[in-house]
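Some notes on the structure that comes next.
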Amino acid sequence: MGYLVACVFILSIATLSSCTTSVPQVPCYFIFGDSLYDNGNNNHLVTEAKANFPPYGIDYSDGPTGRFSNGRNIADVIAELLGFEKPIPPYASASREDIIRGVNYASGSAGIRDESGQHMGGRISLNQQLANHATIILQLADLIGNGNLAPVREHLHKCIYTVAMGNNDFINNYFYPQYYKTSSLYTPQEYADILVQQYTQQLLKLYEYGARKFAISGAGYSGCAPAMMARYETDVCVDEVNGAVVQFNAGLTSALVELESKLSGAKFVYIEPPLGYSADFNVTDKPCCNVSTTIGEGQCAPNQAPCSARQNYVFWDAFHPTESVSLVDGASAYAALSPLYISEVKLSLSVDDA
């Protein structure tokens with residue numbers, strides 16, 4: 001365990017290669033989320049929420065892939081640390097052989113609520129991501145179950161599921177009254193309660209589909225994103241936004257404790273959103289790329305050169321982190337996940353010793 005922890009804290013200054021294992025610590029990894037985790041699912045949607053053009057991907061081996069980053073995102077880092085040789089494929093392009101090791105369903109501008117992000121165009125809400133997962137389960141029944149769901153469920157029980165939702169329910173819903181009525185219908189606490197109630201039902205659905213190892217990320221403090229500060233015409237974090245996020249995250253953590261107590265065999269890990277970074281990231285209020293004035297709010301202008309000192313920037317565009325920050329956040333998430341994968345490692349060792 002000490003080796004794993006040491007690797008986590010090395011990541012901000014080193015590559016991941018020295019920290020990965022030759023065999024994945026779990027057999028499969030499924031990802032649900034928004035643009036922080038999206039790796040290409042929005043590429044062919046009619047939407048402003050896409051990132052399959054330069055300068056996105058400037059530091060990624062395959063160039064622009066749909067990741068809202070200059071390089072890897074948080075899901076990539078977690079997968080690599082778990083020992084997967086390749087990134088978990090997006091649902092939009094995953095092959096039948098790929099799906100055995102997991103699928104990334106995340107979609108830019110998607111939310112817990114179906115309408116969140118709709119002003120930007122197409123997106124795959126969490127409800128639709130769950131429907132897509134149900135489709136994958138049926139395909140797995142043919143691949144590994146000979147048409148039977150029982151071996152598929154046994155396989156899925158061993159997988160890790162990360163779910164990172166809620167950001168767009170604030171950024172692209174509650175705090176965007178030009179497009180949405182929720183802020184006039186609910187107080188921040190009422191809205192947080194409604195979101196947590198719906199989210200809980202969605203996580204229950206995922207449990208019914210066979211998930212047992214859950215890692216749930218709290219909503220990020222988007223009031224400190226350059227795009228939100230610009231929207232509120234201020235140069236400091238927007239306390240109103242961050243305060244609403246705090247209320248949601250508090251309700252979410254309580255809900256996860258209750259879910260774990262009620263659902264047999266389930267383990268829920270809460271991933272705390274970051275509140276700040278080391279002094280190495282000394283540009284905290286400006287994006288690295290030139291932000292467009294014609295396409296999706298806060299996104300990079302196509303084909304324009306970004307900053308050169310990307311390792312010093314927290315934000316790649318006006319909403320999303322640089323790869324350097326994702327390395328830190330992904331490593332922190334991986335450390336938090338340890339109750340989910342250490343048990344699999346111990347089980348594997350006991351079987352080998354038998």
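Since the structure is predicted, the reported quantities are computational estimates derived from the model, not experimental observations.
The cationic atom of Arg231 (NZ for Lys, CZ for Arg) lies less than 6.0 Å from the six-membered ring centre of Tyr176 and within 45° of the ring axis.
Counting only distance, with no hydrogens or angles, the side chain of Asn42 and the backbone of Ala49 share a donor-acceptor pair below 3.5 Å.
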Worksheet item: Are Gln118 and Tyr180 close enough, and set up right, to give a side chain to side chain contact (heavy atoms under 4.5 Å, CB included), and what steps lead you there?
Response: CA-CA 10 Å; Gln118 67 183 3; Tyr180 306 93; 3.6 Å; yes

* To do: Please report the C-alpha distance between Val325 and Trp316 in whole Å, then the side-chain angles of each, then the deciding distance to 0.1 Å, and finally whether the side chain to side chain contact (heavy atoms under 4.5 Å, CB included) criterion is met.
  => CA-CA 9 Å; Val325 166; Trp316 163 244; over 6 Å; no

Worksheet item: Could you walk me through whether Asn172 and Ser116 pass the side chain to side chain contact (heavy atoms under 4.5 Å, CB included) check?
Response: CA-CA 6 Å; Asn172 288 317; Ser116 294; 5.5 Å; no

_Applying side chain to side chain contact (heavy atoms under 4.5 Å, CB included) to Leu204 and Leu259, what does each step give before you reach the verdict?_
CA-CA 8 Å; Leu204 278 168; Leu259 281 171; 3.8 Å; yes

For side-chain hydrogen bond (donor to acceptor under 3.5 Å, both in side chains), just list the numbers for Arg67 and Ser69, CA-CA rounded to whole Å, side-chain angles, deciding distance to a tenth of an Å, and then say yes or no.
CA-CA 5 Å; Arg67 291 166 170 81; Ser69 173; over 6 Å; no

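Annotation: salt bridge (Lys or Arg N to Asp or Glu O under 4.0 Å) contacts of Arg212 (sequence neighbours excluded): none. Under the salt bridge (Lys or Arg N to Asp or Glu O under 4.0 Å) criterion, Glu48 pairs with no residue at all, not counting sequence neighbours.
A heavy-atom distance below 4.5 Å is found between the side chains of Phe248 and Val196. Using a 4.5 Å heavy-atom threshold, the side chains of Phe170 and Leu195 count as touching. Leu206 places none of its side-chain heavy atoms less than 4.5 Å from the side chain of Phe30. When side chains are defined from C-beta on, Gln202 does not count as touching Phe32, because their heavy atoms never get closer than 4.5 Å. For the pair Glu323 and Arg310, the minimum side-chain heavy-atom distance is 4.5 Å or more. Put simply, the side chain of Pro87 reaches to within 4.5 Å of the side chain of Tyr60, judged on heavy atoms. A heavy-atom distance below 4.5 Å is found between the side chains of Leu327 and Arg72.
One distance of note links NE2 of His133 with CG of Leu138; it measures 10.5 Å at 0.5 Å rounding. Rounding to the nearest 0.5 Å gives a distance of 6.0 Å between CG of Leu140 and CG of Leu156. Distance CG/Asp38 to NZ/Lys50: 11.0 Å, rounded to 0.5 Å.
Between Asn173 and Thr182, the side chains place a donor N or O and an acceptor N or O closer than 3.5 Å (distance only, hydrogens not considered). A donor-acceptor contact under 3.5 angstrom links the side chains of Asn132 and Gln128, judged on distance only.
Remark: aromatic rings of Tyr174 and Tyr186 are distant, center separation not under 6.0 Å.
Residue Gln189 places its CD atom among more than 12 non-hydrogen atoms of other residues, nucleotides or ligands, all under 6.0 Å distant. Environment of CD in Glu233: sparse, with no more than 12 heavy atoms of neighbouring residues, nucleotides or ligands closer than 6.0 Å. Surrounding CG of Asn282 are more than 12 heavy atoms belonging to other residues, nucleotides or ligands, all under 6.0 Å away.
Other cluster members for Ile124: Leu45, joined by side-chain heavy-atom distances under 4.5 Å among Ile, Leu, Val, Met, Phe, Trp and Tyr.
Disulfide check for Cys307/Cys289 fails, with the SG atoms at least 2.5 Å apart.
Across Asp114, Asp34, Asn168, a single residue satisfies side-chain hydrogen bond (donor to acceptor under 3.5 Å, both in side chains) together with Ser125, and that is Asp114.
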